[in-house]
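Predicted, not measured: the structure shown is a model, and the values here were computed from it. We name chains A, B, ... by the order of the sequence lines, and we start the count at 1 in each one.
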2 protein chains.
Amino acid sequence: MKEYFDLLLSTPLFSGIDPQDLYPMLHCLGANTVTIPKGDPVFLEGDAAGFIGVVMEGSVQVVQEDFYGNRNILTHAEKGDLFGEAFACANIETMPVSGYAVRDSKLLLLSCQKMLTVCSSACLFHNQLVKNMLKVVAQKNLEMNNKIRFMSQKTTKEKLMAYLLEQAKAAGSSEFTIPFDRQALADYLGVERSAMSAELGKLKKAGILDLKGSHFVLHRT
Amino acid sequence: MKEYFDLLLSTPLFSGIDPQDLYPMLHCLGANTVTIPKGDPVFLEGDAAGFIGVVMEGSVQVVQEDFYGNRNILTHAEKGDLFGEAFACANIETMPVSGYAVRDSKLLLLSCQKMLTVCSSACLFHNQLVKNMLKVVAQKNLEMNNKIRFMSQKTTKEKLMAYLLEQAKAAGSSEFTIPFDRQALADYLGVERSAMSAELGKLKKAGILDLKGSHFVLHRT
DNA sequence: GCTCCTTTGTTGGAAATCCAACATACTTTC
DNA sequence: GAAAGTATGTTGGATTTCCAACAAAGGAGC
């Protein structure tokens, strides 16, 4: 696990933590790693809640699925990102959503309960950890706000543009790569893939953007 | 402000706090009350972020508004509820949304920065406060998850049913009252008011529910 | 009771989405 | 390089939403 110490220290969860404290802290948090092959579930709706996931390799998507088989992608977690924190910290018993490995992934799982309980050993930093977690969960909240903003646009074109403008803003550039393929983007925005694909074609033809795969360039007109 | 101490102590933010500590704590958090008449803004998009709101009287809605004048209701906060916590804790500079008083309201505003900074006086409970806040923000996250679940349904009828079933579940009864009028419910679900009204009529005619104003009864068939 | 004003329900045509089916491009595997 | 599998783009018709305008119902104030 030591090979991932630098990665962990760079995550917002362990921000401000003394590197020397990391190892005992991980032990105290009941850390354990799991390896999940591409496409397999990390957890399923109904599973016991209470753990916080950190992506060390690969990527994870958290999704809602309904009867009809419709997928709605809630969050996409890349290397260094957290997932499941909000469910862990909200004191619920079972997960209301599922998580899948989008690629072969190596994940670190931490116990939320142990994070919130002060224990004996090297855990003077528990309080810092809780503050970090608060910030992480609050920022996840902002992300969901953004998603809601995209989804509440009326037309597919408006949803796309709202999303792409936000990505450009986040990248600080009119050129950026999104973490979704077409189907996943449609599932994230809550629209039809084929209709979305058609809208992307129109936007390109209108000179508003260029795209190649998941790489986009927005033109200001 | 003392008249509201019991209310404050019953909120999840001050859960586990010794009543004797409340007053100095409020002082330490830079608490101040404001009175907002019905319909007036509590804060507007672009205002400085950083405060946590507690509803002591009345109710507050947090909304997103776009160019076209479309409203999207993000959260509805009743007496005893918090609002704006996620924006305050996420370390952003300006509010990305607006808040309005739905009725004449009396609000308590707390400084988030002061909550996260350990100060000298009676603030041994800061850590408890941060933990409480983490739970509150995490639960708000679940609420947004639910809203996303409603919004990601394909038809207006499905959105309505998903919302109403959740309300029944939350009320623990097939009979419940929602905090929205028709226009507000439409704005919350992201649908047309008139189309939604028509769907409600169909659902009633089909014997799936009864409704009078904001009071609903779901029938199991 | 009466009027004014707000909320809710109803309607019909225009616009957009949904869906399934198929065409094309790109990847992977052997 | 061929073949199989996956991802993306394209099309047309059925369904649904959107929008504006109006009708009906309910409430507040006088």
- Between A:Lys140 and B:Asn141, do the side chains contain an N or O donor and an N or O acceptor separated by less than 3.5 Å? no
- Integer-rounded Å distance: D:dA7 P and A:Lys212 NZ: 18 Å
- Message: Quick check for you: to the nearest 0.5 Å, what is the distance between A:Met133 atom CE and A:Cys112 atom SG?
- Response: 5.5 Å
- Task: Side-chain contact test, heavy atoms from C-beta onward, threshold under 4.5 Å: evaluate it for B:Lys114 versus B:His27 and give yes or no.
- Result: no
- Looking at the side chain of A:Ser194, which of D:dT10, C:dT10, C:dC18 is the nearest nucleotide? D:dT10
- Message: I'd like to check B:Phe43 versus B:Phe87 (side-chain heavy atoms, cut-off strictly below 4.5 Å). Are they in contact?
- Response: no
- Task: Go through residues 146-157 of chain A and report each residue with a non-hydrogen atom lying under 4.0 Å from DNA chain C, sorted by number.
- Result: A:Thr155, A:Thr156
- C:dT17 C1' sits how many Å from A:Leu189 CG, rounded? 14 Å
- Please work out if B:Glu199 contacts a base, only the sugar-phosphate, or nothing of the nucleic acid, heavy-atom cut-off 4.0 Å. sugar-phosphate
- Protein-nucleotide distance (B:Met196, atom CE; C:dT10, atom P), rounded to Å: 13 Å
- A:Leu211 CG to C:dA25 P, straight-line distance once rounded to whole Å: 15 Å
- Message: Please determine whether salt bridge (charged side-chain N to carboxylate O under 4.0 Å, His left out) holds for the pair A:Arg149 and A:Glu166, giving the CA-CA distance in whole Å, both sets of side-chain angles, and the decisive distance to 0.1 Å.
- Response: CA-CA 10 Å; A:Arg149 184 160 54 84; A:Glu166 182 64 35; 2.8 Å; yes
- For the residue pair A:Tyr23 and A:Phe5, does the interplanar ring angle fall in the parallel (under 30°), tilted (30 to 60°) or perpendicular (over 60°) class? tilted
- Query: Under 4.0 Å between a side-chain N or O of A:Arg193 and OP1 or OP2 of D:dT8?
  - Reply: no
- Query: Quick one: B:Asn70 CG to D:dC19 P, roughly how many Å, whole number?
  - Reply: 7 Å
- For B:Leu200 and C:dT8, give me the distance from atom CG to atom P, rounded to whole Å. 10 Å
- Can we say B:Arg103 and B:Glu78 salt-bridge, meaning some charged N sits less than 4.0 Å from an Asp/Glu carboxylate O? yes
- Task: Starting from C1' on C:dG9, measure out to CD on B:Gln183 and report it in whole angstrom.
- Result: 13 Å
- Item | Protein-nucleotide distance (B:Glu192, atom CD; D:dA21, atom C1'), rounded to Å | 13 Å
